[in-house]
Amino acid sequence: MRTERERMLAGELYDPLDAELVRDRERARNLCQDLNATREAEQEERRRILRELFAAGGEDVWLQPPFFCDYGSNILLGKKCFFNFNCVVLDVCQVRVGDYTLFGPAVQVYTATHPLNAELRRQQEFGKPVDIGSDVWVGGGAVICPGVKVGSRSVIGAGSVVSRDIPEGVFAAGNPCRVIRELTE
């Protein structure tokens with residue numbers, strides 16, 4: 001029989017009150033609280049926390065606290081990613097981010113979602129993974145919804161709500177986010 005964690009990561013309905021999941025969320029929230037309490041001069045302590053928090057990329061991510069996530073262990077960052085102030089990543093499923101990707105302030109990345117049926121929603125939830133390519137710039141206040149893929153070298157305009165896939169090499173913006181134009185050198 002599969003664990004609730006296995007079901008969660010597979011994008012199936014799962015019980016978010018499962019003891020293992022609660023423990024894992026508490027771990028991540030405690031690490032985020034520790035991270036968010038650091039001062040600028042405490043760069044070594046921040047780096048230690050980020051290595052412990054993320055599944056990959058903690059060794060060279062550049063992150064401005066405050067930062068919040070559900071698990072951290074489901075976040076896989078490429079080389080030299082940047083998160084500006086006040087970003088939120090709800091990582092009940094995997095969040096993959098390519099190299100040199102930039103997140104403006106208050107960007108939110110959601111993998112968590114809920115059943116539309118109210119009775120089912122009281123007890124279970126599910127998620128869909130998010131995949132963001134390399135050299136992407138996500139403007140401040142943008143929301144990346146569950147299951148979305150953003151292609152490499154694309155730019156997402158500030159305040160956009162990205163509810164469907166965005167191809168490589170485009171500027172996309174709006175609510176809902178849509179391709180505005182291709183990016184050329």
Side-chain angles (χ1 to χ4, degrees), residues 1-36 46-104 106-115 121 123-136 138 142-152 154 156 161-166:
M1 184 173 193
R2 292 163 51 124
T3 67
E4 294 300 312
R5 177 173 172 65
E6 290 168 335
R7 294 168 58 121
M8 177 184 79
L9 291 171
E12 299 171 4
L13 288 170
Y14 70 95
D15 177 3
L17 300 179
D18 173 74
E20 177 188 13
L21 296 178
V22 169
R23 187 175 53 251
D24 290 349
R25 283 192 308 272
E26 288 173 353
R27 172 198 159 275
R29 289 176 183 161
N30 286 333
L31 286 168
C32 286
Q33 191 170 33
D34 291 346
L35 173 71
N36 297 338
R46 281 187 186 172
R47 184 65 51 213
R48 183 196 67 73
I49 293 167
L50 292 168
R51 279 193 302 264
E52 189 174 342
L53 181 61
F54 295 134
E59 56 280 341
D60 65 0
V61 63
W62 181 16
L63 188 145
Q64 291 294 308
F67 175 83
F68 304 93
C69 65
D70 276 333
Y71 295 94
S73 59
N74 300 323
I75 300 172
L76 297 114
L77 303 174
K79 293 185 284 191
K80 307 245 183 210
C81 291
F82 172 73
F83 288 87
N84 212 323
F85 301 101
N86 216 28
C87 288
V88 174
V89 180
L90 302 184
D91 61 316
V92 304
C93 281
Q94 221 173 48
V95 175
R96 291 178 297 275
V97 179
D99 300 340
Y100 305 103
T101 289
L102 312 173
F103 295 92
V107 167
Q108 300 175 55
V109 178
Y110 304 149
T111 65
T113 190
H114 302 276
R121 191 168 53 237
Q123 299 174 19
Q124 295 185 309
E125 60 186 45
F126 67 102
K128 297 177 183 177
V130 168
D131 191 354
I132 300 170
S134 296
D135 294 301
V136 171
V138 181
V143 175
I144 310 293
C145 292
V148 166
K149 294 179 181 175
V150 177
S152 293
S154 286
I156 305 298
V161 177
V162 185
S163 58
R164 58 192 143 189
D165 292 353
I166 301 297

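Bear in mind that the values here come from a model prediction, so they are computed numbers and not experimental data.
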[X] to [Y] - nearest heavy-atom pair and separation:
X: Arg5; Y: Asn74; value: NH2-OD1, 3.9 Å
X: Ser163; Y: Cys145; value: CA-CB, 4.0 Å
X: Cys87; Y: Gly104; value: SG-O, 3.3 Å
X: Ile75; Y: Phe67; value: CD1-CZ, 4.4 Å
X: Phe68; Y: Cys32; value: CA-SG, 4.0 Å
X: Glu12; Y: Arg2; value: OE2-NH2, 3.1 Å

As an exercise, state the distance from [atom1] of [X] to [atom2] of [Y], rounded to the nearest 0.5 Å.
X: Tyr71; Y: Arg25; atom1: OH; atom2: CZ; answer: 4.0 Å
X: Phe83; Y: Trp62; atom1: CZ; atom2: CH2; answer: 13.5 Å
X: Leu53; Y: Cys69; atom1: CG; atom2: SG; answer: 4.5 Å
X: Thr113; Y: Lys128; atom1: OG1; atom2: NZ; answer: 6.5 Å
X: Arg96; Y: Asp131; atom1: CZ; atom2: CG; answer: 4.5 Å
X: Lys149; Y: Ile132; atom1: NZ; atom2: CD1; answer: 12.5 Å

Evaluate the side chain to side chain contact (heavy atoms under 4.5 Å, CB included) criterion for residues Arg48 and Glu52: first the C-alpha distance (whole Å), next the side-chain angles of each, then the deciding distance (0.1 Å), finally the verdict.
CA-CA 6 Å; Arg48 183 196 67 73; Glu52 189 174 342; 3.0 Å; yes
Flag, side chain of [X] to backbone of [Y], donor-acceptor distance under 3.5 Å:
X: Ser134; Y: Gly98; answer: no
X: Asp91; Y: Gly72; answer: yes
X: Arg47; Y: Gly58; answer: yes
X: Thr101; Y: Val136; answer: yes
X: Arg51; Y: Glu59; answer: no
X: Asp60; Y: Lys79; answer: no

Any donor-acceptor pair under 3.5 Å linking the side-chain atoms of Gln124 with those of Tyr14?
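No.
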Leu35/Leu63 under side chain to side chain contact (heavy atoms under 4.5 Å, CB included): CA gap, chis, key distance, verdict
CA-CA 10 Å; Leu35 173 71; Leu63 188 145; 3.7 Å; yes
Set out, in order, the CA-CA distance, both residues' side-chain angles and the distance that settles side chain to side chain contact (heavy atoms under 4.5 Å, CB included) for Asp70 and Arg29, then state yes or no.
CA-CA 7 Å; Asp70 276 333; Arg29 289 176 183 161; 3.2 Å; yes
By the definition side chain to side chain contact (heavy atoms under 4.5 Å, CB included), identify the one residue from Val161, Val109, Thr111 that meets it with Ile144.
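Per the side chain to side chain contact (heavy atoms under 4.5 Å, CB included) rule, the option paired with Ile144 is Val109, out of Val161, Val109, Thr111.
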Matching residue for Pro65 among Ile49, Asn86, Asn36, Asp34 - test: side chain to side chain contact (heavy atoms under 4.5 Å, CB included):
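With Pro65 as partner, Ile49, Asn86, Asn36, Asp34 yield a single side chain to side chain contact (heavy atoms under 4.5 Å, CB included), made by Asn36.
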Can you tell me if Gln123 has over 12 outside heavy atoms packed within less than 6.0 Å of its CD?
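No, CD of Gln123 has 12 or fewer neighbouring heavy atoms, counting only those of other groups under 6.0 Å.
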Hey, mind stepping through Val61 and Cys81 against side chain to side chain contact (heavy atoms under 4.5 Å, CB included) and telling me if it holds?
CA-CA 5 Å; Val61 63; Cys81 291; 4.2 Å; yes
